[in-house]
Amino acid sequence: MKYNRIVLKLSGESLMGSGQYGIDPNMLTQYAEEIRSIKELGVEVAIVIGGGNIYRGVQAEAAGIERVQGDYMGMLATVINGMALQSALETAGLYTRLMSGIKMEQVCEPFIRRRAIRHLEKGRIVIFGAGIGNPYFTTDSTASLRAIEIQADVVLKGTRVDGVYTADPEKDPDATRYSALSFQEAYEKNLNIMDMTAFTLCQENNLPIIVFDMNKPGNLMQVLKGESAGTLIN
Ligand code: UDP
């Protein structure tokens with residue numbers, strides 16, 4: 001196996017499935033099965049989940065809520081998603097721990113780096129909720145930062161498309177997919193793979209990113225085995 005310890009980034013929106021808001025239980029089950037399949041390969045799995053299906057800080061200002069307040073609301077949304085995912089993973093027979101960037105003792109553990117690593121070594125899936133616990137960041141940045149902290153081998157960014165394209169493949173029929181890119185190329189071409197904070201953290205710490213289609217059954221496993229398409233940025 002090329003990667004022994006991974007951070008899987010899932011957006012909150014991906015949990016909506018075909019809905020407009022919230023959590024689609026079918027998506028949870030589907031993701032839990034995908035994750036179970038790679039766990040069986042012996043890979044150590046940490047997950048960062050977004051909150052965009054429930055709340056985003058940028059929405060707040062339009063609603064007359066102060067940005068920082070909105071960001072905390074967004075972070076709490078990621079904990080709700082984390083709890084839902086934890087539950088689905090446990091139903092699939094996996095051992096999990098939810099660790100939060102904001103203390104909420106009755107619900108989950110606080111994020112403690114050494115403890116997170118220990119959970120992974122023991123075969124538990126660690127879900128990082130509440131982002132990094134600070135406003136003005138995103139869960140993409142959380143994925144990059146946590147991956148560096150726990151010395152993961154790669155960040156896998158699950159999306160609806162199977163990689164990074166020359167143009168938006170949902171709009172431009174001539175768009176072609178990159179199989180691999182350097183950080184520099186991605187930056188120069190303005191490819192918007194992650195926000196700049198997240199992207200730069202990966203670049204500066206030589207942490208590769210793989211963008212892949214999380215919704216295609218079996219694909220996560222194939223990506224990890226190096227059998228499937230996706231775009232590798234390194
Ligand atoms: N957020 C934050 N700090 C963090 C992570 C998240 O303030 O470290 C807030 C931010 O408002 C963001 C929201 O939580 O809009 C939800 O996260 P994100 O937008 O990254 O979720 P995704 O787009 O992946 O669903």
Side-chain angles (χ1 to χ4, degrees), residues 1-12 14-15 23 25 27-51 75-76 78-133 139-158 198 201-202 205-210 212 214 217-226:
M1 192 64 52
K2 199 166 168 201
Y3 303 110
N4 296 315
R5 179 177 293 166
I6 65 154
V7 169
L8 174 65
K9 163 72 208 306
L10 299 174
S11 74
S14 66
L15 293 183
I23 300 169
M27 292 310 294
L28 284 178
T29 315
Q30 185 183 326
Y31 285 170
E33 282 309 315
E34 296 296 317
I35 293 160
R36 191 163 65 92
S37 72
I38 60 164
K39 212 38 233 163
E40 282 167 0
L41 296 175
V43 180
E44 294 180 1
V45 183
I47 303 170
V48 171
I49 181 106
M75 287 183 252
L76 296 185
T78 72
V79 177
I80 294 179
N81 286 335
M83 291 174 75
L85 186 63
Q86 176 173 42
S87 184
L89 291 169
E90 286 181 347
T91 303
L94 298 164
Y95 295 94
T96 67
R97 291 290 187 271
L98 174 58
M99 299 190 115
S100 172
I102 295 175
K103 265 196 197 169
M104 36 183 114
E105 283 163 18
Q106 283 80 356
V107 174
C108 47
E109 297 179 8
F111 169 69
I112 296 168
R113 187 183 76 94
R114 287 172 195 277
R115 200 173 221 190
I117 292 171
R118 186 77 188 118
H119 287 322
L120 292 168
E121 287 169 350
K122 285 195 167 177
R124 297 170 185 142
I125 293 171
V126 176
I127 304 167
F128 296 122
I132 63 171
T139 50
D140 277 356
S141 298
T142 307
S144 305
L145 179 64
R146 294 289 186 248
I148 295 161
E149 287 180 281
I150 65 168
Q151 294 170 311
D153 302 312
V154 66
V155 174
L156 293 178
K157 184 171 156 96
L201 270 173
C202 290
N205 293 280
N206 298 318
L207 176 68
I209 306 167
I210 298 176
F212 74 104
M214 180 68 192
N219 203 34
L220 174 61
M221 167 116 102
Q222 283 180 317
V223 167
L224 275 181
K225 285 183 171 170

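- Between Leu85 and Thr96 there is no side-chain heavy-atom pair separated by less than 4.5 Å.
- Taking CZ of Arg118 as the start and CD1 of Ile112 as the end, the distance is 14.0 Å to the nearest 0.5 Å.
- Shown here are the ring-ring contact (aromatic ring centres under 6.0 Å, His included) partners of Phe111, two or more places apart in sequence or in another chain: Phe128.
- The main-chain N or O of Asp153 is never found under 3.5 Å from a side-chain atom of Asn4 such that the two would form a donor-acceptor pair.
- Residues meeting the salt bridge (Lys or Arg N to Asp or Glu O under 4.0 Å) test with Glu33, sequence neighbours left out: Arg36.
- Put simply, the side chain of Leu76 reaches to within 4.5 Å of the side chain of Met104, judged on heavy atoms.
- Ile209 CD1 to Lys157 NZ: the interatomic distance, rounded to the nearest 0.5 Å, is 9.0 Å.
- What you find for Cys202 and Ser144 is that their closest heavy atoms are SG-OG, 3.3 Å.
- Side-chain atoms of Val43 and Tyr3, non-hydrogen and from C-beta on, never get closer than 4.5 Å to each other.
- A 4.5 Å side-chain heavy-atom check between Leu220 and Tyr31 finds every atom pair outside the cut-off.
- Annotation: side chain of Leu41 is in contact with side chain of Lys225 (closest heavy-atom distance under 4.5 Å).
- Between the side chain of Thr91 and the backbone N or O of Ser87, at least one donor-acceptor pair lies under 3.5 Å.
- In this structure, CD on Gln151 lies 6.0 Å from CD1 on Ile117, to the nearest 0.5 angstrom.
- The minimum heavy-atom distance linking Ala92 with Ala32 is given by the pair CB-CB, 4.1 Å.
- Here Asn81 contributes atom CG and Leu28 contributes atom CG; the two are 8.0 Å apart, rounded to the nearest 0.5 Å.
- Considering all non-hydrogen atoms of both residues, Leu201 and Ile148 come closest at O-CD1, 3.6 Å.
- Note that CD of Glu121 and CZ of Arg5 are 6.0 Å apart. Values are rounded to the nearest 0.5 Å.
- Ile38 places none of its side-chain heavy atoms less than 4.5 Å from the side chain of Leu8.
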message: Quick one, Val155 with Val48, criterion side-chain contact (heavy atoms from CB on, under 4.5 Å). Give me CA distance, side-chain angles, the key distance, then yes/no.
response: CA-CA 10 Å; Val155 174; Val48 171; over 6 Å; no
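- Of the possible polar contacts, none joining the Arg97 side chain to the Arg124 backbone as a donor-acceptor pair under 3.5 Å is found.
- Here the closest non-hydrogen pair linking Ile49 and Thr139 is O-CG2, 3.6 Å.
- No side-chain heavy atom of Arg113 sits less than 4.5 Å from a side-chain heavy atom of Met99.
- No donor-acceptor pair closer than 3.5 Å links the side chain of Glu44 to the backbone N or O of Ile6.
- In Glu40, the CD atom is crowded: over 12 heavy atoms of neighbouring residues, nucleotides or ligands sit closer than 6.0 Å.
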- request: Go through the steps to decide whether Leu89 and Ile47 satisfy the test side-chain contact (heavy atoms from CB on, under 4.5 Å), and finish with yes or no.
  value: CA-CA 11 Å; Leu89 291 169; Ile47 303 170; 4.1 Å; yes
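- Atom CZ of Arg115 has 12 or fewer neighbouring heavy atoms from other residues, nucleotides or ligands inside a 6.0 Å radius.
- Here the straight-line distance linking atom CE of Met75 with atom OG1 of Thr142 works out to 8.5 Å at 0.5 Å rounding.
- Between Asn206 and Pro208, the shortest heavy-atom distance links the atoms O-CD, 3.4 Å.
- In terms of heavy-atom proximity, Ala152 sits nearest to Val7 at CB-CG2, 3.9 Å.
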